[in-house]
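Worksheet: the structure to be examined is printed underneath.
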Amino acid sequence: MKETGQIRIGNQTAFSASSIIEPFRYAVANRFDAFEWFPDKKESGEGWTEHDIKKNARTLIRKIAFHHDITLSVHASRQANPFKPEGREVLIGQIEFAQDMGASLLNIHICAKDGLEAYVQAIGALLKRLVKSGIKLAIENTPATEPETFNELFERIRELGSKDTNQVGMCLDLGHANLCPQTLNDYLKFIDLLDPQIPITHVHMHENYGDYDSHLVIFTGPAGKDPSGIGGFLDRLCERRFSGSIILEQWPQPPILLNAARNRLAEMIKTRF
């Protein structure tokens, strides 16, 4: 097993894949050391939910991940809204899914439209359930989320004074930071505006041209011509002593693009950490 403190790079399930399991099989075959499950059922019928992976399959996946030293995480679905009763039921089912899979982290999108105080209260019960299951919580920035929102969110979380809050961190989504109106096409500024006390525990890695959330494979968009932004991003992670998984959030054709991105990113990490 890897020592704690190291960075892992992985990929994610995709509704566009030929099967639920195809991206995971790819991760195993190509020696990725992290993988994220994202129940992402579309209204068109594409995609999957946690109910599509039965108990015996979950047990098998857990064993395979352990054997190949792959850290698993689960990205809560868009329907998993902690403010709504039906959304809370979805979250409970996906926590059970994460537990069955042996996932160490559950990632959710921030939802601050009803106020941050209400949001912190809404995730309180969720956090207690996660802590009992030994699963950490990561809260992800959306394209509309400004850095100050996360600064206030984590200040409110710290004010709770509960030891459970030590299990909460931020999932920094690089592509979303690049689309934030306040930091459009400048994700480094987004990071620089974040309170240094915010623990970044998980990363979603993809890029775009500031036009829409295109989820381009890293180094195939702007960083393909000028990788200095990625270098600056890694420098900032190093300053924050980042330890966790960097998830490549796409299923490109050909998938070998994931290998190229992973390999180049890993080389850049080696020179910094």
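Computed from a predicted model, the values in this text were never measured in an experiment. Each residue takes its place number in the sequence, starting with 1.
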Give the intermediate values and the outcome of salt bridge (Lys or Arg N to Asp or Glu O under 4.0 Å) for residues Asp69 and Arg8.
CA-CA 10 Å; Asp69 191 20; Arg8 293 169 177 260; 3.0 Å; yes

I'd like to know if the side chain of Glu22 reaches the main chain of Ser18, judged simply by a donor and an acceptor atom lying under 3.5 Å from each other, with no hydrogens or angles considered.
yes

Are any of the side-chain heavy atoms of Leu258 and Pro252 separated by less than 4.5 Å?
yes

Where do Cys180 and Thr145 come nearest, in terms of heavy atoms and distance?
SG-O, 3.3 Å

Lys42 atom NZ, neighbour heavy-atom count above 12 within 6.0 Å:
yes

Chi angles and distances behind the side chain to side chain contact (heavy atoms under 4.5 Å, CB included) call for Thr71, Ser104
CA-CA 7 Å; Thr71 293; Ser104 59; 3.5 Å; yes

Pairwise distance NE2(His75) to SG(Cys171) - rounded to 0.5 angstrom:
6.5 Å

Results of side-chain hydrogen bond (donor to acceptor under 3.5 Å, both in side chains) for Thr13 - residues two or more places apart only:
none

Would you say the ring centroid of Trp37 lies under 6.0 angstrom from that of Phe24?
yes

Run Val90 and Gln94 through side chain to side chain contact (heavy atoms under 4.5 Å, CB included) and show every step you take.
CA-CA 6 Å; Val90 171; Gln94 292 178 358; 3.4 Å; yes

Decide side chain to side chain contact (heavy atoms under 4.5 Å, CB included) for Ile218 and His206; before the verdict, give the C-alpha distance in whole Å, the side-chain angles of both, and the deciding distance to 0.1 Å.
CA-CA 5 Å; Ile218 204 73; His206 54 99; over 6 Å; no

Is any side-chain heavy atom of Thr271 closer than 4.5 Å to a side-chain heavy atom of Leu234?
no

Looking only at atom types and distance, does a side-chain atom of Thr59 sit under 3.5 Å from a main-chain N or O of Lys55, one as donor and one as acceptor?
yes

Side-chain heavy atoms nearer than 4.5 Å, only ILVMFWY residues, links allowed to pass through others: does that put Ile108 and Ile95 together?
yes

Contact between Phe97 and Thr49 at the side-chain level, heavy atoms closer than 4.5 Å - yes or no?
no

Does any non-hydrogen side-chain atom of Phe35 lie less than 4.5 Å from one of Ser245?
no

Does one hydrophobic cluster hold both Leu172 and Leu153, with members joined at side-chain heavy-atom distances below 4.5 Å?
yes

Judged by atom type as modelled, is there a donor-acceptor pair below 3.5 Å linking the side chain of Arg62 to the main-chain atoms of Gln99?
yes

Looking only at atom types and distance, does a side-chain atom of Asp114 sit under 3.5 Å from a main-chain N or O of Phe83, one as donor and one as acceptor?
no

Nearest atoms (heavy-atom pairs only) where Pro255 meets Gln253:
CD-OE1, 3.7 Å

Return each pair, listed once, that meets side chain to side chain donor-acceptor pair (under 3.5 Å) where at least one residue sits in residues 79-91; pairs must be two or more places apart or across chains.
Ser77-Gln79

Among side-chain atoms of Asn141 and Asp173, is any donor-acceptor pair under 3.5 angstrom?
no

Pair Gln12-Gln250, side-chain donor/acceptor within less than 3.5 Å:
no

Are Ile247 and Met268 in one and the same hydrophobic cluster, where Ile, Leu, Val, Met, Phe, Trp and Tyr link if side-chain heavy atoms are under 4.5 Å apart?
no

Any side-chain donor-acceptor pair under 3.5 Å between Ser162 and Thr165?
no

Rounded at 0.5 Å granularity, tell me how far CG in Asn11 sits from CD1 in Ile246.
13.5 Å

Donor-acceptor under 3.5 Å (Glu249 side chain, His215 main chain):
no

Nearest heavy-atom pair of Leu91 and Ala76: which atoms, and what distance?
CD2-CB, 4.1 Å

Taking the side chain as every heavy atom from C-beta outward, state whether Ile70 and Phe32 have any pair of such atoms under 4.5 Å apart.
no

In this structure, CG of Asn107 is separated from CD of Glu140 (nearest 0.5 Å) by 5.0 Å

Looking at CZ of Arg31 and OH of Tyr26, how far apart are the two atoms once the value is rounded to the nearest 0.5 Å?
13.5 Å

Which atom pair, heavy atoms only, marks the closest approach of Pro143 to Pro181?
O-CD, 3.5 Å

Do the side chains of Leu184 and Asn178 get nearer than 4.5 Å, heavy atoms only?
no

When clusters are formed by joining ILVMFWY residues with side-chain heavy atoms under 4.5 Å apart, either directly or through shared neighbours, do Val28 and Ile21 land in the same one?
yes

Listed pairs under 3.5 Å, donor-acceptor, residues 118-137 side chains, sequence neighbours left out:
from: Tyr119; atom 1: OH; to: His109; atom 2: O; distance (Å): 3.4
from: Ser133; atom 1: OG; to: Arg129; atom 2: O; distance (Å): 3.2

Could you measure the distance from the CZ atom of Arg158 to the CD atom of Glu155? Nearest 0.5 Å is fine.
6.5 Å

Side-chain (Asp52) to main-chain (Trp48) donor-acceptor, under 3.5 angstrom:
no

Are Val74 and Leu72 co-members of a hydrophobic cluster defined by side-chain heavy atoms under 4.5 Å apart?
yes

Euclidean distance, Asn56 CG relative to Asp100 CG, rounded to 0.5 Å:
11.0 Å

Is any side-chain heavy atom of Glu50 closer than 4.5 Å to a side-chain heavy atom of Arg58?
yes

With sequence neighbours left out, what residues match Gln167 under side-chain hydrogen bond (donor to acceptor under 3.5 Å, both in side chains)?
none

By salt bridge (Lys or Arg N to Asp or Glu O under 4.0 Å) - contacts of Asp235 (at least two apart):
Arg272

Do you know the tightest heavy-atom contact between Thr142 and Ile110?
CG2-O, 4.0 Å

What do you reckon, are the aromatic ring centroids of His204 and His176 less than 6.0 Å apart?
no

Hey, can you pull the donor-acceptor pairs under 3.5 Å for the side chains in residues 186-203, sequence neighbours left out?
from: Asp186; atom 1: OD1; to: Lys189; atom 2: N; distance (Å): 3.2
from: Tyr187; atom 1: OH; to: Ile230; atom 2: N; distance (Å): 3.4
from: Asp192; atom 1: OD1; to: Arg236; atom 2: NE; distance (Å): 2.7
from: Asp192; atom 1: OD2; to: Arg236; atom 2: NH2; distance (Å): 3.2
from: Asp195; atom 1: OD1; to: Gln197; atom 2: N; distance (Å): 2.8
from: His202; atom 1: NE2; to: Glu36; atom 2: OE1; distance (Å): 2.7

Are any non-hydrogen side-chain atoms of Leu265 and Met205 less than 4.5 angstrom apart?
yes

When every non-hydrogen atom of Ala261 is compared with those of Leu248, the smallest separation belongs to CB-CD1, 4.2 Å

